[in-house]
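Only heavy atoms go into these numbers, but all of them, side chains included; no hydrogens, no water, no symmetry mates.
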Amino acid sequence: MNSDDVISRIKRPTRLVCGIAAMMADKFGWSCFWTRIVWAVAVIMNPAISLLIYFALALLLPKWDAQH
């Protein structure tokens with residue numbers, strides 16, 4: 001697997017891994033690739049807090065769309 005394969009996999013918004021990051025990117029018009037990179041760096045730097053925030057967003061983002 002070369003770097004082009006990894007980059008193409010990260011850019012696909014339909015991937016299950018980092019699905020919340022893809023949902024955030026879509027909701028706010030951000031790049032899916034860079035949103036996932038930022039999440040990966042955050043998880044590596046502070047896994048406990050990042051995963052807690054990630055799971056909170058997983059619960060809140062679908063409801064956020066319904067309110068606005």
*Do the side chains of Leu59 and Phe55 get nearer than 4.5 Å, heavy atoms only?*
no
*Does Trp30 have any ring-ring contact (aromatic ring centres under 6.0 Å, His included) partners at least two apart in sequence or in another chain, and if so, which?*
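With neighbours one apart ignored, the set is Phe28.
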*Of all the heavy-atom pairs spanning Ala21 and Thr35, show the shortest one and how long it is.*
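Nearest heavy atoms, Ala21 then Thr35: O-CG2, 3.4 Å.
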*Excluding sequence neighbours, so at least two apart, what forms side chain to side chain contact (heavy atoms under 4.5 Å, CB included) with Ile53?*
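Per chain and number, Ile53 pairs via side chain to side chain contact (heavy atoms under 4.5 Å, CB included) with Trp39, Ile49, Leu57.
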*Working to the nearest 0.5 Å, report the span between CE of Met24 and SG of Cys32.*
11.0 Å
